[in-house]
Amino acid sequence: MNSSDEDWTSAEPGNSRSGQVLYVDVDGFEGPLDLLLDMARRQKVDLASISVLSLAEQYLQFIERVRKKRIEVAADYLVMAAWLAYLKSRLMLPEIIDDDEPSGEMMAALLQFRLKRLEAMRNAAARLVNRPRLGREVFSRGDPEPVDITREYAFDTSLFHLLKSYADMRERNVAVDYAPEKRIVWSLKEARLIIERLVGEGSEWIALDKYLARYLAAPEKRATVLASSFSASLELVREGSMEMRQTLAFGPLLMRRRGQGKKPGRENSD
Amino acid sequence: MQEREHGAEPGTEPGNGCEAGGQEEMEHRNLRVIEALLFASDEPLCVGEMAPFLEEGVNAEQLLDQLARQYAGRGVNLVQRGERWAFRTAADLGFLLRRTEKETRSMSRAALETMAIIAYHQPVTRAEIEEIRGVASGRGTLDMLMEAGWVRMRGRRRTPGRPVTYGTTPEFLDHFSLSSLGDLPGLEELKGAGLLSSRLPPEMQIPLPFEGELADDEDPLEDDDPVLATGGEG
Amino acid sequence: MQEREHGAEPGTEPGNGCEAGGQEEMEHRNLRVIEALLFASDEPLCVGEMAPFLEEGVNAEQLLDQLARQYAGRGVNLVQRGERWAFRTAADLGFLLRRTEKETRSMSRAALETMAIIAYHQPVTRAEIEEIRGVASGRGTLDMLMEAGWVRMRGRRRTPGRPVTYGTTPEFLDHFSLSSLGDLPGLEELKGAGLLSSRLPPEMQIPLPFEGELADDEDPLEDDDPVLATGGEG
């Protein structure tokens with residue numbers, strides 16, 4: 001706080017030495033409230049009993065002088081000047097009843113409060129920095145004893161996981177040692193050959209399942225045999241060498257060699 | 001030398017009867033553990049950090065008070081810093097130990113004032129700080145105080161614009177040798193004079209520096225609050 | 001709070017007469033200074049370094065001895081290291097400065113499989129583990145399981161090369177809440193639990209874990225077995 005006093009002496013609003021402003025540096029102040037507080041302090045009276053009116057006048061004179069000296073004043077100083085000019089007028093005029101605006105006394109009290117509060121905070125700051133401070137007057141352990149942390153790893157796993165991985169592994173490796181069951185797949189090519197052979201030159205409508213009866217006997221083959229032979233039959237129909245029909249939904253799929261001129265859809269018209 | 005390190009314990013008196021002796025012994029052990037933990041650390045520790053090393057169900061606060069009394073007149077004191085405790089050299093020996101070469105960079109008047117306002121008025125918004133100081137404060141001041149570790153963003157005021165609220169940190173207490181915010185110098189007088197009102201006018205209710213987690217009109221800062229990403233108010 | 005930091009000094013008794021009191025006070029002050037200096041110093045101090053802070057003509061050695069006695073039974077002791085003195089955590093409380101932090105990790109598939117093989121097939125050699133897994137496993141997996149405390153080296157197989165045999169530890173049983181290795185489910189139980197499919201070759205078997213001290217073809221690990229020194233197979 002002491003060092004900042006130097007800043008304030010550069011601006012001497014109520015210069016007592018020569019009664020004239022030598023040099024004005026508004027930048028030395030931390031805003032208009034700071035400037036006002038400084039002026040109030042120079043009156044050497046308690047802030048509570050200060051004459052707000054004379055303070056306002058002093059501030060307005062100061063700003064006036066500063067502006068005459070070609071110095072640009074920051075906007076917030078001018079705002080404060082306007083407010084103080086208004087305050088001054090309110091204080092000097094008789095109070096108007098039923099006015100929405102605050103009374104001059106209230107405004108003056110408000111200014112006093114703000115000045116007191118700012119001063120109080122400033123004093124508090126000074127008291128704070130003068131407290132015994134860590135690293136200056138008060139010390140912590142200079143050679144703290146560090147905590148030696150060893151990390152211990154624990155595994156988050158359950159018996160189920162253990163057994164499952166064991167079973168999976170055993171099974172996996174069994175599959176390597178013993179030849180796995182071959183999955184039977186009828187390729188389309190195979191199916192086509194078989195169907196062509198079975199249907200032969202027959203021109204009778206015969207259900208697909210009947211043709212495939214002996215292949216469908218093994219249950220594990222059923223799906224692949226049906227799927228592949230059906231696809232192959234469709235291909236044969238598309239090529240025009242075979243005819244298919246189904247009379248009701250999920251009914252037997254009938255097929256025959258496409259005869260000489262005999263086409264299923266055209267039987268009636270022929 | 002070895003005897004000194006494992007020496008007799010002058011505090012315990014044998015022959016007190018088995019039960020009393022056991023309890024006394026347990027208390028003695030707990031005190032030693034607290035002492036050792038706090039002595040080994042240069043940072044204040046909270047009860048929660050010490051509890052795992054103490055016997056279960058022990059009243060750590062009471063032990064800490066006891067230990068603080070034992071160290072009260074010594075060159076090293078056990079002090080409370082908010083929720084935490086630490087051993088610190090006695091403040092009255094400061095003149096002797098004072099390290100001038102390690103003088104902390106002197107803070108600007110603006111920073112000092114801002115810090116005091118935050119300490120006494122917390123939770124306080126930047127607008128309120130500016131209102132008290134009567135001047136717009138640059139971002140730099142608050143940033144500097146946060147960087148020094150003395151000031152933190154606490155939350156957001158539940159008012160239009162949801163301004164960020166500021167408060168002090170545990171390090172602030174430690175640095176200025178305050179056992180709690182209630183120890184702030186002149187707090188009672190300021191409170192009595194109605195000067196701790198951050199909002200106007202004097203007849204308004206006077207809030208105190210608020211130590212709790214959150215004030216009534218304060219929301220916590222969410223982890224994804226943009227202010228946390230930028231390190232300052234957007 | 002303030003009282004704690006600048007509190008009364010219980011050690012000094014008033015009314016001892018003026019001179020004695022003065023001397024006692026001086027001694028007390030010197031003790032406090034030594035205490036604070038040693039506490040705040042970042043390295044042990046010798047008498048010469050402390051003397052400038054003490055009253056002239058004082059017997060620092062004697063004061064240090066006195067301080068060491070005062071701290072003898074406490075959680076922190078004043079110890080001499082050569083010509084220098086320092087505060088150190090009492091030796092019996094050293095455990096406070098060593099902390100183990102447990103970190104839980106999920107086990108890799110390799111670790112799980114190796115663990116399971118050791119459980120079911122013990123005593124089992126590393127080569128056998130690899131054979132069962134069908135994959136060469138690194139040393140790391142076994143080491144990790146031993147570090148976790150679930151696997152131990154049991155002995156050496158009485159076959160060419162005398163390979164080390166591995167088995168499970170009591171901690172293994174403990175962790176998986178098994179009262180004995182016999183509690184590990186067998187083939188039928190694994191099938192029943194749906195862990196093994198039913199289309200396994202009939203030759204496949206799951207061994208009954210061996211619980212004995214030593215298998216017929218197993219030699220105990222002698223204390224001087226090199227594997228014990230290196231903590232793993234060379």
Side-chain angles (χ1 to χ4, degrees), chain A residues 1-8 28-37 47-48 74-77 79-80 83 102 106-107 109-148, chain B residues 36 38-44 76 79 86-95 97-100 102-104 106-110 112-117 119-121 130-137 171 174-178 184-187 189-190 193-198 200-202:
Chain A
M1 294 314 285
N2 290 339
S3 66
S4 48
D5 278 340
E6 291 156 25
D7 300 332
W8 304 344
F29 291 96
E30 296 261 349
L33 210 55
D34 184 23
L35 174 57
L36 270 170
L37 183 58
L47 279 179
D76 42 356
Y77 288 88
V79 171
M80 178 63 88
W83 190 80
M106 270 177 69
M107 289 173 71
L110 180 62
L111 180 65
Q112 255 175 341
F113 171 74
R114 293 190 63 187
L115 289 173
K116 274 200 286 189
R117 190 176 56 180
L118 179 62
E119 190 177 50
M121 281 302 109
R122 211 161 265 181
N123 293 339
R127 289 175 74 178
L128 256 186
V129 287
N130 287 326
R131 281 190 63 80
R133 284 163 69 177
L134 190 66
R136 278 172 30 140
E137 292 90 8
V138 168
F139 297 91
S140 60
R141 178 86 183 267
D143 188 14
E145 295 174 72
V147 175
D148 188 13
Chain B
L38 287 169
F39 229 89
S41 168
D42 54 351
E43 303 268 331
V76 169
V79 297
F87 277 112
R88 296 286 180 252
T89 56
D92 65 318
L93 296 177
F95 74 97
L97 305 173
R98 189 180 183 122
R99 284 180 200 163
T100 39
K102 239 189 121 184
E103 189 95 14
T104 38
S106 59
M107 278 201 289
S108 70
R109 190 161 65 123
L112 216 56
E113 260 175 43
T114 304
M115 198 192 64
I117 291 167
Y120 286 81
H121 291 261
E130 292 178 348
E131 204 265 334
I132 294 170
R133 296 193 62 228
V135 72
S137 50
E171 289 77 39
D174 200 17
H175 184 88
F176 292 101
S177 307
L178 298 163
L184 283 168
L187 184 67
E189 301 100 275
L190 290 172
L195 290 170
L196 289 188
S197 156
S198 54
L200 301 170

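Since the structure is predicted, the reported quantities are computational estimates derived from the model, not experimental observations. We name chains A, B, ... by the order of the sequence lines, and we start the count at 1 in each one.
Between V135(B) and L33(A), the closest side-chain pair of non-hydrogen atoms is not below 4.5 Å. Inter-residue side-chain proximity for L134(A) and F176(B) is flagged as unmet; no heavy-atom pair is nearer than 4.5 Å. Considering only heavy atoms from C-beta on, R133(A) stays 4.5 Å or farther from S177(B) through its side chain. The side-chain heavy atoms of L112(B) and M121(A), taken from C-beta on, include no pair separated by under 4.5 Å. Residues L128(A) and L178(B) meet the side-chain proximity criterion, which asks for heavy atoms closer than 4.5 Å. Inter-residue side-chain proximity for E137(A) and F95(B) is flagged as unmet; no heavy-atom pair is nearer than 4.5 Å. Side-chain contact between R117(A) and H121(B) is present, with at least one heavy-atom pair separated by less than 4.5 Å.
Salt-bridge formation is not detected for the pair E43(B)/R141(A): no Lys NZ or Arg NE/NH1/NH2 atom is positioned less than 4.0 Å from an Asp or Glu carboxylate oxygen. A salt bridge links D34(A) with R109(B): the closest approach of a Lys/Arg side-chain nitrogen to an acidic carboxylate oxygen falls below 4.0 angstrom.
Residues forming a side-chain contact (heavy atoms from CB on, under 4.5 Å) with E119(A) (at least two apart in sequence, or on another chain): L37(A), R41(A), L47(A), N123(A). With sequence neighbours left out, the side-chain contact (heavy atoms from CB on, under 4.5 Å) criterion links D143(A) to R88(C).
G134(B) and R114(A) make their closest contact through CA-NH2, 3.7 Å (heavy atoms, listed as atom of the first residue, atom of the second, distance). Between V138(A) and A91(B), the shortest heavy-atom distance links the atoms CG2-CA, 4.0 Å. Looking at every heavy atom in both residues, F113(A) comes nearest to G194(B) through CE1-O, 3.2 Å.
Among L93(B), V76(B), T89(B), D42(B), the one residue that satisfies the side-chain contact (heavy atoms from CB on, under 4.5 Å) test with F139(A) is T89(B).
Distance alone, capped at 3.5 Å, places no donor-acceptor pair between the R122(A) side chain and the A116(B) backbone.
Between atom CG of residue L184(B) and atom CZ of residue R131(A) there is a gap of 8.5 Å, rounded to the nearest 0.5 Å. To the nearest 0.5 Å, the span separating CD1 on I117(B) from CG on L118(A) amounts to 7.0 Å.
Using a 4.5 Å cut-off between heavy atoms, A86(B) does not touch chain A at all.
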